[in-house]
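Every value quoted in this text rests on a predicted model; they were computed, and no experiment measured them. Residue numbers start from 1 in every chain, and the chains themselves are labelled A, B, ... in the order their sequence lines are given, proteins ahead of strands.
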Amino acid sequence: MNPAIQTRELSFSYRDRAVLHQVSFSVESGEMLGMLGPNGSGKTTLLKILSAVLPSHGEVHLKGKRIESYGRRELSRLFAVVQQEPQINFPYTAAEIVLMGRASHHGTLALESQKDLEVARASLALTDSLALADRYLHELSGGEKQRVLIARALAQEPEILLLDEPSAFLDLKHQVQVFELLRRLNRERGLTVVAALHDLNLAALFFPRLMMLREGAIYSDGSPSEVLTEKTIEDVYGIRVRIESNFANGTPQLSICPSL
Amino acid sequence: MLLVNGVLLALLLLSMLACALFGPVRLDLSQALQNPFSANPDAEIFFRARLPRVLLGAAIGGGMAVCGVALQALLGNPLACPQMLGVSGGASLGGILGLIFFPHWLLPIAGGLLGEISWAPLAAFVGALISMVLVYRFSLFHGRLHPYHLLLSGVIFNSFIAALIMFLNSIVDFYQAQGLLFWLMGSLSTRAYLTVAFIWGYIVIGFLWLWAKGLSLNLITMGEEAALQLGVETAALQRQVFIASSLMIGAMVSVSGMIGFIGLMIPHVMRLIVGSDHRLLLPASFLAGGIFLCWADTLARIVLAPAELPVGIITAFFGGPFFLYMLYREGRRKFAL
């Protein structure tokens, strides 16, 4: 079977500043991949290329077909994206926002069907945000907003979910909830998940495969214990850490050595 | 959805009838309808003076509101309005050139059989088309219209044109200047059904075109990137919305001058009433805009009767304070602790 996502020698530059150099990797269907790396290492750009928002040099294949051969509506049924801090200037309720995830499922001239309403409701329930349905998005807190936007992505019923910092703005409980939700969707529905992450400890806990980017290139790619080593963290982030293991399941956890 | 628009449609039709009956001269509708084709002063006023005007008002009020809604979504800015597209400036300049250089030329319709209309609207429409192409070219990079550039090019284009218009206004004689001022302030005084039909044609086609994009307009207010990811071909949408609204604005400004405030105020008010779903917001704004302009124009005819105020004064006079009040009320609710 063809991998869900396969890239060959992706490069991208904004004007003359190169952001990605020859990035090649593939993600199997049903895999869960966490992309790590410092600010500016190319994670967001890579996600934008994978979601066909930015063009690139190199090839992206989705399920064996070149990304350019998909239409927009087709793409939005194949994958959904949860962006970082979207700016929304118009008053919409959470329910309306989530229903927008159904846009590529019903006709452009049609109204939402009963099924669309059900899927939207189920998506809100999955992200623990049913109670927010009738509230306006601009009235919600950062974390509540994030949950609604994840619900919108789920309402697209995608095969691949791309997330840019899904746990930013979330408190500890909702961070863990979001990651548990991603893992559950991954296990129960075979959803392929690719997320750019900042929290290395949570990444190690929930993502079986991690990929570390440094200056637009893949520095390492593998299981948490392969990727999160003291040497890697020092090379990539420039800080000294000690790697310990989680008391419950032994995944690597970082302890930062404070510089005294 | 149907209910709100049904009520608004009924209100619009009632308003149009009522506005056609109000005026400096009292009118008996039954008289006018009894023998409309004979020499009957009531019928003359109703069919020749008031009806085309009311029809024009409904179309232009609705058109301005619809363009406002669409542009606000396109530019991702609830403060965008039809004046910002640059097309209105081009149309004003075209119309003014028409007024200055061919003040007495009349365009015979169908060899004079259907009457004659002034050249000015035609010149204005040509001006609108030229400015539309210019602004489009200046904001199109690699097949994409960039909202930010579109907004800036439109505003700058309009300021430039405003300077040209002021220059022209300073070099013509006093009587011509007076005429130009009246044209600039906007008025619905037309008597030609052909003009009315021309406007309705553009408005109906433009409205249907934009309405069909209602769902995509919802999605593009989520931001361009999100819209792409939700399945909208944003580049095509931006081009289409720009062209559809430019053509509508060009046609409207050519006939009536720039009637301000409707395109900003009506969408905002209707958003508070029916919400931001463009599939509902577009028709509701169309109908509400039509109602508002019909009444504004009736006031413009009555206040100084038998003289007539430019209707733009009325829309701003009532629109401004009302809009401020709505904003204040919304702010009090939104920022309440």
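Annotation: side chain of B:Glu224 is not in contact with side chain of A:Val53 (no heavy-atom distance under 4.5 Å).
The greatest number of non-hydrogen atom pairs below 4.5 Å with chain B, out of A:Met100, A:Gln156, A:Arg77, is found for A:Met100. Interface remark: of the candidates A:Ser51, A:Pro91, A:Ser104, A:Pro91 forms the most heavy-atom pairs closer than 4.5 Å to chain B.
The environment of NE2 in A:His57 is sparse: at most 12 heavy-atom neighbours from other residues, nucleotides or ligands sit within 6.0 Å. Within a 6.0 Å sphere centred on CZ of B:Phe317, heavy atoms belonging to other residues, nucleotides or ligands number 12 at most. Taking a 6.0 Å sphere around CZ of A:Arg121, one finds it holds 12 or fewer heavy atoms contributed by other residues, nucleotides or ligands. Heavy-atom neighbours of B:Tyr328 OH from other residues, nucleotides or ligands within 6.0 Å: at or below the threshold of 12. Within a 6.0 Å sphere centred on OH of A:Tyr14, other residues, nucleotides and ligands contribute more than 12 heavy atoms. Within a 6.0 Å sphere centred on CZ of A:Phe25, other residues, nucleotides and ligands contribute more than 12 heavy atoms. Within 6.0 Å of the CZ atom in B:Arg137, the count of heavy atoms belonging to other residues, nucleotides or ligands does not exceed 12.
Among residues two or more places apart in sequence or in another chain, the salt bridge (Lys or Arg N to Asp or Glu O under 4.0 Å) test is passed with A:Glu215 by none.
Here the straight-line distance linking atom CE of B:Met222 with atom CG of A:Leu149 works out to 8.5 Å at 0.5 Å rounding.
The part of A:Ile97 that comes within reach of chain B is its side chain, from C-beta onward, which places non-hydrogen atoms under 4.5 angstrom from that chain. Contact annotation for B:Asp277: both backbone and side-chain heavy atoms come within less than 4.5 Å of a heavy atom of chain A. In this structure, chain B has a heavy atom under 4.5 Å from the side chain of A:Arg152, while its backbone stays farther away.
Against chain A, the residues from residues 227-239 of chain B that qualify, each with a non-hydrogen atom under 4.5 angstrom away, are B:Leu228, B:Gln229, B:Leu230, B:Gly231, B:Val232, B:Glu233 in number order.
Under the 30°/60° scheme for interplanar angles, the aromatic rings of A:Phe90 and B:His278 are found to stand perpendicular.
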